[in-house]
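Since the structure comes first, as C-alpha cells, the remarks are kept for the end.
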Amino acid sequence: MSYYNPQIIEKKWQKIWKDSKTYKSRVELSKKKFYVLEMFPYPSGKIHMGHLRNYTIGDVTARFYKLQNFNVMHPMGWDSFGMPAENAAIENDVDPKKWTEKNIANMKSQLMKIGLSLDWDRELSTCSDNYYKHQQKIFIDFFNNNLVYKKDSFVNWDPVDKTVLANEQVVDGKGWRSGAVVEKKKLSQWFLNISKFSDELLTDLESLTDWPEKVKLMQSNWIGLSKGAEVEFKISGLKSFIKVFTTRPETIFGASFLALSVEHPFASNFKDDKKFNTFKDTCLKFQENRKFDSEKLGFNTGLFAEHPFLKNIKIPVFFSNYVLINYGNGAVFGCPGHDERDYDFAKKYKLDIKCIIKDKQNELPYCDSQENDKLQNSSFLDNLKLSQAKVSIIDKIVKDELGSEITKFRLKDWGVSRQRYWGCPIPIIYREDGKVLPVDEDQLPIKLPEDTDFSFSGNPLDKHNDWKFTVCPQTGLKAIRETDTLDTFFDSSWYFLRFCSSDSKNIPFTDKEINYWMPVDHYIGGIEHAILHLLYSRFFSRALRECGYKVPKEPFLKLITQGMVCHETFKTKDGKWVEPSKVFFENDSYWMKYREGNISVTKGRSEKMSKSKKNVVNPDSIISEYGADTARLFMISDSPPERDLEWSIDGIKATRKYLDKIFAFLKEKLRFTQSFKNQENLTNEEKKILDFTNGVVDSFTNDIKNYRFNKAVAKLRELSNTLIKSKVKRDLFDYSWSTYLRLIYVIIPHFSQELASLTGLKGLMEDLKWPTSNKKTFDDGLAQIVVQINGKKKFLINVAFGITKEKLVETIKKNSANDDINNKKIKNIIYVPNKLINFVL
RNA sequence: GCGAGCGUGCUGAAAUUGGUAAACAGACAGGACUUAAAAUCCUGCGGGUGGCAACACCCUUGUGGGUUCAAGUCCCACCGCUCGCACCA
C-alpha cells in the first residue's frame, strides 16, 4: 500500500495556502523585493506542457527567493483578447466574452492544481474593461505626445483571418497564425512610433547583462542598424532628384545605373503607362513569393541621371524588383563591379561594369573588400584605402550639399490597427468636421458592445451602428468611432506594470508601487517572444516615460528563455501522424493496433508537442493521475530550463516511484528538525554525511540561483541515495533528511510540507527560511590526489592535506605499485597542490 | 548567402571553466521474493584485449590536425544538426 497520496495532500495544502494568503504580496519598503514573472498565457481553455514547464520553473524561482527572505511578487493574468475567441463566436455563435471567461475559469482551476505560489489577488485579464480603460488612457497619452499617428499604407492583409498583420507577424510571406498567403491592401492605419527609439533600443541592449546573448543578437538584427550616406542624383531634363541610400558611398564612381523600387514615389510619373503597371504587378508578385535568388527584372525608364561627381557621365534609370520600398530610400545606385545583385542586373541588361578596386579586374564582382584594398578609376579617391575613401567621399558629399551621412534602421513603425471585434477599442472619434480626436478621459472606458452580430465577414464593430455613430460631447457635432481595435501585443506590452498596482482605480499604476516592484527581476518565457513581445515592451517603457510616467527604461532585468517540450513522433507509411501512446514495439519495429491487425509505423524525430503531429500530452491528466509534485519534479530534473525537454511517461512513472519510496521511508522514520547540535562523538562515516549534507545545501543553492535545476535535483538524489544506505545516529539522520526536505520544498512543496508536518513540524515550511550550511564542518586532514603518468590517470592516493611536492613524490615512490615511477627516468613532475600530480616520463 | 549556437553511452544529461570523462536519471538485461504476474529490492550497463576469477592493461567526447606536463573544454580545417535573418543597398 502506498502511503503517498498526492491527490489528497496537494488539495489540502493548496487550500491552506489559499486560506492563509501565504503568497499575497505587499509593498514593504524595509524588505528587498523580488518580482518573478512568467509570460502570461492566452486563455485557450486548457493548459499545455509548455505552460506547466514555464510555471514550474517560475515557481521554483519564486519560492526559492521567498525563502531567501526576499519580498516576492509572483502574479498571474490572462492575455485574453485575440482571434480564437472571435473565431469561436463566428463558428459556434458564442459570445467571445463568455467564451473567454469560461476558458479562464477552466485554466485557472488547472493552474491551481499545480500548486503555484501565485498571488491571485493581482490577477488581471486584458479583455476586462478594468484593464483596457487604462490602456485607452495610455493610447491617448501616446496620441498627445506624437507617439501614435495615422497613415495610409499598404498593409499585410491576411485573407483568412481578414485582418492586418504587422511585418513581424508575417512569416515567409504567410500569416503567423493562419498560414495564409498574405496580400497587400491599402488602409488607413494607426502606427506607434517605435522607430523613434531605434537607436536607444539598440544601444541599451548592452545594459541587459542578464539577458541571453542570443536574444539580444536577435533584437539587434531586427532593429538592423546600417551606417552610410544619402546621395542625390539629378534626373536629366527633369527637375526631379532621386535620393539614394548606400552603405558604401566610396564605390560611387563605380555606379553605372540607378535602380528604383516599383513602389518608389518616382513611379507616379509612369502611373498611366500600361507596360509599367504590368511590370509593377509582376515585381510585387515576385517580391511576395521570393524564396532564394529570384530573377532580376528591369524596366528601363529611358531617363538618365547625372553622376554627382562626373558631370559628363549619365547613367540609365531603371525600376527593378530587387529594390525594396521598405528599406533605405527604395532606390539604389548600381555598382555592378562590387555588388552581386547589381552585377546580375548589369549583366542581364548589358550595362557598364566598372572595376574601381585595384587589381581586382579579374575577380568581379568583388564584394567583400580587404583592409588594404585601394581605389582606382575614382577621381579624387584614387589610391585611397576604402576606409579612408569613405571618410573623404562623405566629407565631399556634405560639403557639396549632395547629401548627408546617415544611419538607417530596418525597424519600422508598429502598425497596431486590427479590423477585429475582440480587442481593445481605440479611443478615437472622427468628427463630421474632419477632426480626429481622442475620446475625453472621463468617458473611458470605451467598452465593446455586447450585442454584436458575427454573421458577416469583416469587422463587426464597423457594422454596429449604435456603437459606431456618436456625437462629440464638446460640440454636439456628429462623429464616428474608430472601429479598429488594438493589436494584442499592445495589451501585453505593459501588463507587468499593471501587476504592480492591479487594484489602482483611476490610474494605470502608482509611482510608489512601480518604484518598489519594477523592474521585473526574473522574466521567464518562451524563446518565440525573443523579438516581438520583448521589443514592444522595451519600447513601451520608453514611450511611457515620454508621457511622464515614472517607469524604468528596461522592464526586465533577467530573462530566462525556456526550451520547448518535445515528444517522439510516429507516422504510418502513408504519412499520417500517430499518437505515441498507441504505438508499441515488437520484433525490432514499431506497430500500431488497427482494427484486427497491426500496421507498421515509423518513428520520426522528437518534435515540439503539437496537435498536428498528434504528440501532445495533456498535463492536467498527468497531474490528476500522478500528482502535481511528480509532474513538477519531472519537468525540471531532466534538462536545464533553456534547453528542449524530452517528455517521457517512463520518466513520470519513475519520478512518482521515487517520491513513493521517500515518502514511505520518511513517514516512518523521520523526526523533523531544523538543527543538529550534538556534533561530538561522530564516526568517520557520520562526519562525512554531515559534511555532505552541508555541501549539498551550498551546491543546491547555487544551482537554483543559476537555473541549473537538473543539477540541483541530481545532487539531492545523491543525498537521498546516500542517506538511505547509511546507518547514522538518530540526530544526524533527522537533521540531514530535514535539510533534504527543506531544499526540495521549492520544487515539490506539497510533498515536502506534508512530510515535515507528519514528522513534527508545526506550521509552514515557508516560515523556516532557507537552510544554511555550516560549510566544511569536519576535516579529516587528508587530501585525495590523482596520480598521473604522462597526463593519464593511474591511481589515487590519500595523503596529509598540504603535503609538499617532495614529500608526495617520496610517498608515491615508496608505496607505488607502478614500476615506471621508480624505474624510468622522470623528465618532469607537475604538482597541483592537494589535487593532482603528473609524472612526465 | 549572412549571423549565432550545438555535436559526450541505447536515451536525457553531468564534468568546479585546462586537471579522475560519463555524476544523477530513463530504457534495457540478469537475479531475489512469488504458483505466476505486478509492485518492491539487489546487480550490471561506452568499447576492446587478456584471465576460471578478483583483476590488469589499452582505447573512447562528430572527423582530422595543432597548442600544452595535461584537451570534452583552447586554436585551425572539415563534416553534420538546430535556430535567427535574408535581394537590407
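Order of the sequence lines fixes the chain letters, A, B, ..., with proteins taken first and strands second; residue numbering starts at 1 for each chain. In this text, all values refer to a predicted model and were calculated from it rather than measured experimentally. The basis for the numbers below is simple: all heavy atoms, side chains too, and nothing from hydrogens, waters or symmetry mates.
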> Looking only at atom P, what distance separates B/rU16 and B/rU11, rounded to whole Å?
Replying inline: 23 Å
> Closest nucleotide of RNA chain B for A/Gly330 versus for A/Arg605: which of these residues is on the 5' side?
Replying inline: A/Arg605
>> The side chain of A/Met218 is closest to which nucleotide in this list: B/rC85, B/rA13, B/rG84?
In response: B/rG84
> Among all residues two or more places apart in sequence or in another chain, which pass the salt bridge (Lys or Arg N to Asp or Glu O under 4.0 Å) test with A/Lys354?
Replying inline: none
> Starting at the 5' end of RNA chain B and moving along, which residue's nearest nucleotide shows up first, A/Glu646 or A/Lys214?
Replying inline: A/Glu646
> What residues, two or more places apart in sequence or in another chain, satisfy side chain to side chain donor-acceptor pair (under 3.5 Å) together with A/Tyr327?
Replying inline: A/Ser226
> P atom, B/rA86 versus B/rC28: distance in rounded Å?
Replying inline: 46 Å
> Expressed as a whole number of Å, how far does the C1' atom of B/rA25 sit from that of B/rA36?
Replying inline: 31 Å
> Got a sec, which residues hit side chain to side chain donor-acceptor pair (under 3.5 Å) with A/Tyr658, two or more places apart in sequence or on another chain?
Replying inline: A/Ser720, A/Tyr740
> Which whole-number value in Å describes the distance from A/Glu213 CD to B/rG84 C1'?
Replying inline: 15 Å
For nucleotides 69-73 of chain B, print each protein N/O atom paired with a nucleotide N/O atom at under 3.5 Å, atom names and distance only.
{"from": "B/rC69", "atom 1": "O2'", "to": "A/Asn838", "atom 2": "ND2", "distance (Å)": "3.2"}
{"from": "B/rC69", "atom 1": "O2", "to": "A/Asn838", "atom 2": "ND2", "distance (Å)": "2.7"}

>> Taking the P atom in each of B/rA32 and B/rG19, what is the distance between them to the nearest angstrom?
In response: 45 Å
> If we take the C1' atom in both B/rC57 and B/rU68, what is their distance in whole Å?
Replying inline: 26 Å
> Just by protein heavy atoms under 4.0 Å, how would nucleotides 22-34 of chain B read 5' to 3' in B, S and -?
Replying inline: -BSSSS-------
>> Give me the distance, rounded to whole Å, that separates B/rU73 from B/rU20 when you measure between the C1' atoms they each carry.
In response: 15 Å
>> Is the distance between the ring centroids of A/Phe318 and A/Phe299 under 6.0 Å?
In response: no
> Does OP1 or OP2 of B/rA14 have a side-chain N or O of A/Arg643 closer than 4.0 Å?
Replying inline: yes
>> Rounding to an integer number of angstrom, what distance separates B/rA56 and B/rA71 when you compare their P atoms?
In response: 23 Å
> Is the glycosidic torsion of B/rU17 within 90° of 0, making it syn, or is it anti?
Replying inline: syn
>> From CD of A/Glu340 over to C1' of B/rA86, roughly how many Å is that when rounded to an integer?
In response: 13 Å
> Separation of A/Glu568 atom CD from B/rC10 atom C1', in whole Å?
Replying inline: 14 Å
> With a 4.0 Å cut-off on heavy atoms, is A/Leu796 in touch with a base, just the backbone sugar-phosphate, or nothing at all?
Replying inline: base
> Is the ring centre of A/Phe319 less than 6.0 Å from the ring centre of A/Phe279?
Replying inline: no
>> Among residues at least two apart in sequence or on other chains, which ones pass salt bridge (Lys or Arg N to Asp or Glu O under 4.0 Å) with A/Glu646?
In response: none
> What is the distance from NZ of A/Lys348 to P of B/rC87, rounded to the nearest Å?
Replying inline: 18 Å
> Any luck finding a side-chain donor-acceptor pair between A/Ser773 and A/Asp698 under 3.5 Å?
Replying inline: yes
> Could you give the CZ-to-P distance, from A/Phe665 to B/rA39, as a whole number of Å?
Replying inline: 22 Å
> A/Tyr327 has a side chain; which of B/rC83, B/rA89, B/rA21 sits nearest to it?
Replying inline: B/rA89
> Within the structure, does a side-chain N or O atom of A/Ser639 lie under 4.0 Å from either OP1 or OP2 of B/rA13?
Replying inline: yes
> Glycosidic conformation of B/rG9, syn or anti, with 90° from 0 as the boundary?
Replying inline: syn
> When you measure from the centre of the six-membered ring of A/Tyr322, is the NZ or CZ of A/Lys296 under 6.0 Å away and within 45° of the axis?
Replying inline: yes
>> Can you pull out every side-chain hydrogen bond (donor to acceptor under 3.5 Å, both in side chains) where at least one residue sits in residues 256-266 of chain A? Sequence neighbours excluded, please.
In response: none
> Could you give the CD1-to-P distance, from A/Ile223 to B/rC85, as a whole number of Å?
Replying inline: 14 Å
> Does A/Glu718 have any salt bridge (Lys or Arg N to Asp or Glu O under 4.0 Å) partners at least two apart in sequence or in another chain, and if so, which?
Replying inline: A/Lys715
> Mind checking the P distance from B/rG62 to B/rC58? Whole angstroms is fine.
Replying inline: 23 Å
>> Can you list everything that forms a salt bridge (Lys or Arg N to Asp or Glu O under 4.0 Å) with A/Glu405? Sequence neighbours excluded, please.
In response: none
>> Rounding to an integer number of Å, can you tell me how far A/Ile527 CD1 sits from B/rC85 C1'?
In response: 14 Å
> Stems in RNA chain B: runs of 3 or more consecutive Watson-Crick or G-U pairs, distances under 3.5 Å?
Replying inline: B:1-7 with B:79-85, B:10-12 with B:24-26, B:28-32 with B:40-44, B:46-50 with B:55-59, B:62-66 with B:74-78
> ring-ring contact (aromatic ring centres under 6.0 Å, His included) with A/Tyr831: which residues, sequence neighbours excluded?
Replying inline: none
> Distance check: side-chain N/O of A/Lys603 vs OP1/OP2 of B/rU11, anything under 4.0 Å?
Replying inline: no
>> Counting only side-chain heavy atoms from C-beta out, which of B/rC41, B/rU20, B/rG84 sits nearest to A/Lys661?
In response: B/rC41
>> Can you tell me which nucleotide in B/rG19, B/rG3, B/rA89 comes closest to the side chain of A/Leu217?
In response: B/rG3
>> Taking A/Arg656 first and then A/Asp660, would you say they form a salt bridge - that is, a charged N and a carboxylate O separated by under 4.0 Å?
In response: yes
When the side chains of residues 329-339 of chain A are checked against the rest of the protein, which donor-acceptor pairs come out under 3.5 Å, sequence neighbours left out?
{"from": "A/Asn329", "atom 1": "OD1", "to": "A/Lys408", "atom 2": "NZ", "distance (Å)": "2.8"}
{"from": "A/Asn329", "atom 1": "ND2", "to": "A/Glu230", "atom 2": "OE2", "distance (Å)": "3.1"}
{"from": "A/Asn329", "atom 1": "ND2", "to": "A/Lys243", "atom 2": "O", "distance (Å)": "3.3"}
{"from": "A/His338", "atom 1": "ND1", "to": "A/Tyr366", "atom 2": "O", "distance (Å)": "2.9"}
{"from": "A/His338", "atom 1": "NE2", "to": "A/Ile356", "atom 2": "N", "distance (Å)": "3.1"}
{"from": "A/Asp339", "atom 1": "OD1", "to": "A/Arg341", "atom 2": "N", "distance (Å)": "2.9"}
{"from": "A/Asp339", "atom 1": "OD1", "to": "A/Arg341", "atom 2": "NE", "distance (Å)": "3.2"}
{"from": "A/Asp339", "atom 1": "OD1", "to": "A/Asp342", "atom 2": "N", "distance (Å)": "3.1"}
{"from": "A/Asp339", "atom 1": "OD2", "to": "A/Arg341", "atom 2": "NH2", "distance (Å)": "2.6"}

>> As a test of reading the structure: which of B/rA89, B/rC41, B/rA86 is closest to the side chain of A/Arg410, going by heavy atoms?
In response: B/rA86
> Within this structure, what is the CH2-to-C1' distance between A/Trp222 and B/rA86, rounded to whole angstrom?
Replying inline: 11 Å
>> Just N and O in the side chain of A/Ser226: are any of them under 4.0 Å from OP1 or OP2 of B/rA89?
In response: yes
